[in-house]
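Here is how names work: the chains are called A, B, and so on, in the same order as the sequence lines, proteins then strands, and each is numbered from 1.
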There are 2 protein chains.
Amino acid sequence: MQQITGPRADRMTIGELSQLTGVNIETIRYYEKIKVLPVALRAENGRRVYGPTERRILAFVRRSRELGFSLDEVRALLRLGGPDKASCREVREIAARHLDDIRARIGDLRKLERLLTKTVAQCTGTTAPDCPVLDILDVQGSK
Amino acid sequence: MQQITGPRADRMTIGELSQLTGVNIETIRYYEKIKVLPVALRAENGRRVYGPTERRILAFVRRSRELGFSLDEVRALLRLGGPDKASCREVREIAARHLDDIRARIGDLRKLERLLTKTVAQCTGTTAPDCPVLDILDVQGSK
DNA sequence: CCTTGATCCTGTAGTCACTACAGGATGTAG
DNA sequence: CTACATCCTGTAGTGACTACAGGATCAAGG
């Protein structure tokens, strides 16, 4: 009688999982502790054992984090993609909200980029008594 | 005999400084502790007293933080703008490096925006068995 | 003079998403 | 059998704050 998880070849240690997914070992344990990942099965010696399902979940978490989702959002997405993967609508809402955040951040950063570019351009780079960078930062009422 | 700091009207409490600069009281004390701000003078009752100079410094710190400089960078800028404000070149270098960071971040965010936009657009919003958002996140080898 | 409420003080702990390390128990190769 | 790698738990550190506990002091009103 085999395990449901499949053949031996698919069962891996935390180190192997780390290599395959590019997620730090300590981070994997951390994800388990804060319930982003399910509690891992243990071998007889007490070490964590992972299968392809865990690998898929962790890859999903990693990708989501790369896309800037918070761990809270990732937890929500995992719940929605889980057993009763009912509401694609909810998933879309989370992603759309996140997209709004990203657009706002891009806008802020570009404003900032323009300001800094302009300022640095004024800079001669020589030793000067009135540095425009310090000046622009120094203005008190410019918010 | 007057204090060097000037007339009474310019001397303010931490609460007033907080109001004027928009920086949280706890944050001001925090900045002092980690040496972003100089140690504040104290009144006879032990309370912190601030003058226009401190106000200018704190406004500078606030502005820099808004522009995304780290507190380490702010400390460096303050040092450079301080007693011997010699090297505008160094200031420019810090600002330029920071600008590179900002541009890189904008690039990343825009890539991410395109990907998420495309994906969310594919979403019908109805209850579907294969949600494209979860799908795109689910792909294991797409790094 | 006394009370009330605002403001201040110090110090500690919590946040997010990890990372790093201490100190110990196993596993694997030569 | 001895190295050395890998794993385990648990705690503490990071950056830039925020929040709170527990106490002192101040300003205004009765």
A.B. asks: Can you confirm whether A:Glu16 is buried at CD, in the sense that more than 12 heavy atoms of other residues, nucleotides or ligands lie under 6.0 Å from that atom?
C.D. replies: yes
A.B. asks: What is the separation between atom CD on B:Glu66 and atom C1' on D:dA16, rounded to the nearest whole Å?
C.D. replies: 15 Å
A.B. asks: Salt bridge or not between B:Asp108 and B:Arg105? Use side-chain N to carboxylate O under 4.0 Å.
C.D. replies: no
A.B. asks: Kindly compute the distance separating CZ (B:Arg65) from OG1 (B:Thr27), expressed to the nearest 0.5 Å.
C.D. replies: 10.0 Å
A.B. asks: Quickly work out the A:Met12 CE to D:dC7 C1' distance and round it to whole Å.
C.D. replies: 17 Å
A.B. asks: What is the separation between atom CG on A:Leu58 and atom C1' on C:dC18, rounded to the nearest whole Å?
C.D. replies: 14 Å
A.B. asks: I want to check one thing: is the phosphate of D:dT6, taken as OP1 and OP2, less than 4.0 Å away from some side-chain N or O of A:Thr13?
C.D. replies: no
A.B. asks: Is A:Val39 linked to A:Leu71 within one hydrophobic cluster, defined over Ile, Leu, Val, Met, Phe, Trp and Tyr using a side-chain heavy-atom separation of less than 4.5 Å?
C.D. replies: no
A.B. asks: Quick one: what's the B/S/- string for nucleotides 24-30 of chain C, heavy-atom cutoff under 4.0 Å, read 5' to 3'?
C.D. replies: --BS---
A.B. asks: For the pair made of CG in B:Leu71 and P in D:dT18, what is the distance, rounded to whole Å?
C.D. replies: 11 Å
A.B. asks: How long is the span from the CD1 atom in B:Ile28 to the CG atom in B:Leu17, to the nearest 0.5 Å?
C.D. replies: 4.0 Å
A.B. asks: Rounded to the nearest Å, what distance is computed from the CG atom of residue B:Leu37 to the P atom of nucleotide D:dC17?
C.D. replies: 11 Å
A.B. asks: By the 4.0 Å heavy-atom rule, please label B:Ile34 as base, sugar-phosphate, or nothing.
C.D. replies: nothing
A.B. asks: Could you state the interatomic distance from CG (B:Leu20) to OH (B:Tyr50), rounded to the nearest 0.5 Å?
C.D. replies: 12.5 Å
A.B. asks: Please determine whether salt bridge (Lys or Arg N to Asp or Glu O under 4.0 Å) holds for the pair B:Glu66 and B:Arg63, giving the CA-CA distance in whole Å, both sets of side-chain angles, and the decisive distance to 0.1 Å.
C.D. replies: CA-CA 5 Å; B:Glu66 275 172 16; B:Arg63 190 97 181 92; 3.3 Å; yes
A.B. asks: Counting neighbours of CZ on A:Arg110 that are heavy atoms of other residues, nucleotides or ligands and sit closer than 6.0 Å, is the number greater than 12?
C.D. replies: no
A.B. asks: Tell me, which of residues 23-32 of chain B have any heavy atom that sits under 4.0 Å from an atom in DNA chain C?
C.D. replies: B:Ile25, B:Arg29
A.B. asks: Looking only at side-chain atoms of A:Arg48, point me to the closest of D:dT9, C:dC18, C:dT10.
C.D. replies: D:dT9
A.B. asks: Starting at atom OH of B:Tyr50, determine the distance to atom P of C:dC8, rounded to an integer number of angstrom.
C.D. replies: 10 Å
A.B. asks: Over how many whole Å does the gap from B:Glu16 atom CD to D:dA27 atom C1' extend?
C.D. replies: 13 Å
A.B. asks: Would you mind checking if B:Glu32 and B:Arg48 are paired as a salt bridge, meaning a charged N to carboxylate O distance below 4.0 Å?
C.D. replies: yes
A.B. asks: To the nearest Å, give me how far apart NZ (B:Lys33) and P (D:dA16) are.
C.D. replies: 15 Å
A.B. asks: Please determine, for the side chain of A:Arg65, which listed nucleotide (D:dA16, D:dC7, C:dA17) has the closest atom?
C.D. replies: C:dA17
